[in-house]
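What follows is a set of notes on a single structure, which appears directly below.
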Amino acid sequence: MLNFIENLAKSAGRLALEARKRLTEEEVHFKNPKDLVTDVDREVEHFLRGKIMQAFPDHAILGEEEGISNTGRSEYQWIIDPIDGTTSFVHGAPLYSVSVGLYRNGKPYAGAIYVPRLDELYSASLGKGAFCNGKPIHVSGRSKLENCLGITGFACLRAGLPKNNLPHFCRIAPKIRDIRRYGSAAYNLCAVASGSADFFWEMQLNAYDVAAGVIILSEAGGKVTDFSGGEKYPENGIVASNGAVHDEILRLLAMD
Ligand code: IPD
Ligand code: CA
Ligand code: CA
């Protein structure tokens with residue numbers, strides 16, 4: 001099964017990479033002034049759905065662009081984001097990814113995230129570890145915030161929410177080594193899983209942004225919770241870390 005998911009994510013990523021070379025302004029659309037979707041997002045999701053339905057006709061599928069389909073016939077549900085980081089994709093920036101998550105009885109079961117411009121394929125399945133291009137990955141061991149690299153995003157600003165992430169950013173950024181803003185929640189989770197960053201937090205994400213990343217991070221030894229330390233992520237915020245700094249991040253986020 002993991003081999004299928006890895007090949008699917010990589011094929012979809014290569015489709016996106018090639019299609020980007022031909023992208024025109026007419027193919028860029030707006031869900032709102034800051035929330036872009038392109039014909040390539042839709043084409044990639046159609047590709048992913050076709051391959052999944054061909055191989056697993058009973059499985060349910062939730063995708064960002066076409067919603068939910070085929071529910072109630074199987075314990076398996078695919079949760080897919082055809083292009084995570086569409087803004088970067090449109091602007092020609094490198095960090096966008098294809099995210100393919102598989103849940104079983106409502107729990108993370110397997111996942112793959114492919115970053116075409118980096119040619120990095122992150123993957124994991126339950127109880128079998130996490131990998132990048134076939135090599136095992138593990139979270140960092142950093143336990144002091146001042147030595148940590150943090151990542152965040154601002155989905156909340158894009159959604160125009162009055163209660164947003166800026167106060168958290170201003171409170172956390174001065175306490176850590178540095179902050180990164182990669183623009184793909186799926187890739188952010190892989191960066192923590194591989195140890196190239198130590199924690200990630202964000203508000204206002206959706207299931208398809210994180211479905212594959214959460215099992216990759218967990219299998220890499222990381223910890224994922226909502227902002228109050230529970231399991232209602234991403235709807236109640238998401239905090240993903242190497243485990244060592246998790247409680248400190250929750251404490252800083254709670255200081256509203
Ligand atoms: C977005 C990216 C971004 C996050 C946004 C997401 P999309 O995904 O993951 O990092 O901050 O909230 O919506 O819209 O490009 O699939
Ligand atoms: Ca997304
Ligand atoms: Ca997307």
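Since this is a predicted model, take the numbers as computed values, not measurements. Just so you know, ligand 1 is whichever comes first in the structure, and atom 1 is the first atom listed for that ligand.
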Roughly how far, to the nearest 0.5 Å, is NE2 of His168 from CE of Met203?
-> 5.5 Å

Between Glu219 and Gly129, what is the shortest heavy-atom contact and its length?
-> OE1-N, 2.8 Å

Tally every protein N/O/S atom whose distance to the Ca ion (ligand 3) is less than 3.0 Å; waters are neither shown nor counted.
-> 3

Would you please indicate yes or no on a ring centroid separation below 6.0 angstrom for Tyr76 and Tyr109?
-> yes

Taking a hydrophobic cluster as the set of Ile, Leu, Val, Met, Phe, Trp and Tyr residues connected by side-chain heavy atoms closer than 4.5 Å, whether directly or through intermediates, do Phe200 and Leu253 fall within one such cluster?
-> no

Side-chain donor-acceptor contact under 3.5 Å, Thr38 with His29 | no

Under 3.5 Å, is there a donor-acceptor pair between the Ser99 and Asp84 side chains?
-> no

What residues come within 4.0 Å of ligand 1, counting heavy atoms only?
-> Glu64, Asp81, Ile83, Asp84, Gly85, Thr86, Ala155, Arg158, Gly183, Ser184, Ala185, Glu202, Leu205, Asp209

Set of residues satisfying side-chain hydrogen bond (donor to acceptor under 3.5 Å, both in side chains) with respect to Gln204, sequence neighbours excluded | none

What residues, two or more places apart in sequence or in another chain, satisfy side-chain hydrogen bond (donor to acceptor under 3.5 Å, both in side chains) together with Arg142?
-> Asp198

Contact summary for Ala110 and Leu2, nearest pair of heavy atoms | CB-CD1, 4.4 Å

